[in-house]
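We number each residue from 1, following the sequence as shown.
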Amino acid sequence: QVQLIESGGGLVQAGGSLSVSCAASGRTLSDYAMGWFRQGPGKEREFISAISASGTSTLYVDSVKGRFTISKDNAKNTVFLQMNSLKPEDTAVYYCAARRLRARIYNSRYYTSVQEYDYWGQGTQVTVSS
């Protein structure tokens, strides 16, 4: 069992930066691929970024590419999402998710759909004002 706790959300002006973190307890993150999703008011939860268990492979949705950076510190059991050049449309609750490694051969694989993840955090609100 993995417990994920997000932190670092808040209110920021458009063009500003914010970093959100996801701390895991119960297991080491080296055995988990991680993802960040977000859900805006009245919208479906959407994928924004993912990182493999090894930390060597990353993926971003086009709308955040070049502005957001995902990273993983396995020693600290924490995954980060650095968000720069924020826009009002980035306003949402941000969720981190973890997928347990099924086999070592998938160490460099990332995942993009909600259904592929095993554990979820409670979410942290990010609000970008115009």
Side-chain angles (χ1 to χ4, degrees):
Q1 187 76 10
V2 174
Q3 291 183 322
L4 304 174
I5 301 175
E6 297 99 336
S7 61
L11 174 65
V12 64
Q13 286 189 330
S17 298
L18 207 59
S19 180
V20 290
S21 303
C22 175
S25 63
R27 291 290 187 273
T28 174
L29 280 189
S30 59
D31 294 332
Y32 291 81
M34 303 296 294
W36 283 98
F37 293 73
R38 66 186 179 189
Q39 189 165 14
K43 296 183 179 180
E44 298 281 327
R45 189 169 299 190
E46 64 168 343
F47 165 81
I48 53 174
S49 185
I51 188 166
S52 61
S54 65
T56 57
S57 302
T58 59
L59 181 70
Y60 301 91
V61 69
D62 285 347
S63 61
V64 308
K65 200 173 293 183
R67 300 189 298 123
F68 290 12
T69 303
I70 189 171
S71 61
K72 191 167 174 270
D73 187 333
N74 287 335
K76 295 183 178 179
N77 271 359
T78 303
V79 62
F80 304 93
L81 185 69
Q82 176 65 40
M83 303 181 289
N84 299 326
S85 302
L86 282 161
K87 305 174 181 180
E89 51 263 43
D90 294 319
T91 294
V93 178
Y94 283 68
Y95 297 90
C96 70
R99 176 184 169 95
R100 180 179 50 83
L101 200 61
R102 291 346 188 220
R104 195 52 61 183
I105 59 171
Y106 301 126
N107 201 30
S108 297
R109 183 173 174 178
Y110 44 66
Y111 302 85
T112 62
S113 69
V114 169
Q115 294 79 8
E116 291 178 303
Y117 285 89
D118 301 308
Y119 303 100
W120 292 84
Q122 82 289 351
T124 185
Q125 177 70 46
V126 172
T127 303
V128 184
S129 63
S130 57

Rounded to the nearest 0.5 Å, how far does CG of Leu101 lie from CZ of Arg109?
-> 11.0 Å
Under a single-linkage definition using a 4.5 Å side-chain heavy-atom cutoff for Ile, Leu, Val, Met, Phe, Trp and Tyr, are Phe68 and Ile70 assigned to the same hydrophobic cluster?
-> yes
Which of these, Tyr94, Tyr95, Trp120, sits in a ring-ring contact (aromatic ring centres under 6.0 Å, His included) with Phe37?
-> Trp120
Can you tell if the side chain of Trp36 reaches within under 4.5 Å of the side chain of Val79, non-hydrogen atoms only?
-> yes
Ignoring hydrogens and geometry, is there a side-chain-to-backbone donor-acceptor pair from Arg67 to Ser63 under 3.5 Å?
-> yes
Minimum-distance pair of heavy atoms, taken over all atoms of Tyr60 and Lys65 | O-CE, 3.6 Å
Considering all heavy atoms, the nearest Gln39-Lys43 contact = NE2-O, 3.1 Å
At their closest point, which heavy atom of Leu4 faces which heavy atom of Met34, and how far apart are they?
-> CD2-CE, 4.2 Å
Heavy-atom neighbours of Tyr119 OH exceed 12 at 6.0 Å = yes
Arg38 side chain reached by Val64 side chain, heavy atoms, under 4.5 Å | yes
Between the main-chain N or O of Ile5 and the side-chain N or O of Gln122, is there a donor-acceptor pair closer than 3.5 Å?
-> no
Sub-4.5 Å side-chain heavy-atom contact between Gln125 and Thr91 = yes
Using the side-chain contact (heavy atoms from CB on, under 4.5 Å) rule, take Arg100 and Val2 through it: C-alpha gap first, then chi angles, then the decisive distance, then the call.
-> CA-CA 9 Å; Arg100 180 179 50 83; Val2 174; over 6 Å; no
Side-chain donor-acceptor pairs of residues 13-24 under 3.5 Å, sequence neighbours excluded:
from  : atom 1 : to    : atom 2 : distance (Å)
Ser17 : OG     : Asn84 : OD1    : 2.9

Please report, to 0.1 Å, the donor-acceptor pairs under 3.5 Å made by any side chain of residues 47-55, with sequence neighbours excluded.
from  : atom 1 : to     : atom 2 : distance (Å)
Ser49 : OG     : Leu59  : O      : 3.1
Ser52 : OG     : Ser54  : OG     : 3.1
Ser52 : OG     : Gly55  : N      : 3.3
Ser52 : OG     : Thr56  : N      : 3.3
Ser52 : OG     : Ser57  : N      : 3.1
Ser54 : OG     : Thr56  : N      : 3.3
Ser54 : OG     : Thr56  : OG1    : 2.6
Ser54 : OG     : Asn107 : O      : 3.1

Are any side-chain N or O atoms of Lys72 and backbone N or O atoms of Tyr32, one a donor and one an acceptor, separated by less than 3.5 Å?
-> yes
How close do Met83 and Val126 get, heavy atom to heavy atom, and via which atoms?
-> CE-CG2, 3.9 Å
d(Ser130 OG, Glu89 CD) to nearest 0.5 Å is 10.0 Å
Can Tyr117 and Arg99 be counted as having a side-chain donor-acceptor contact under 3.5 angstrom?
-> no
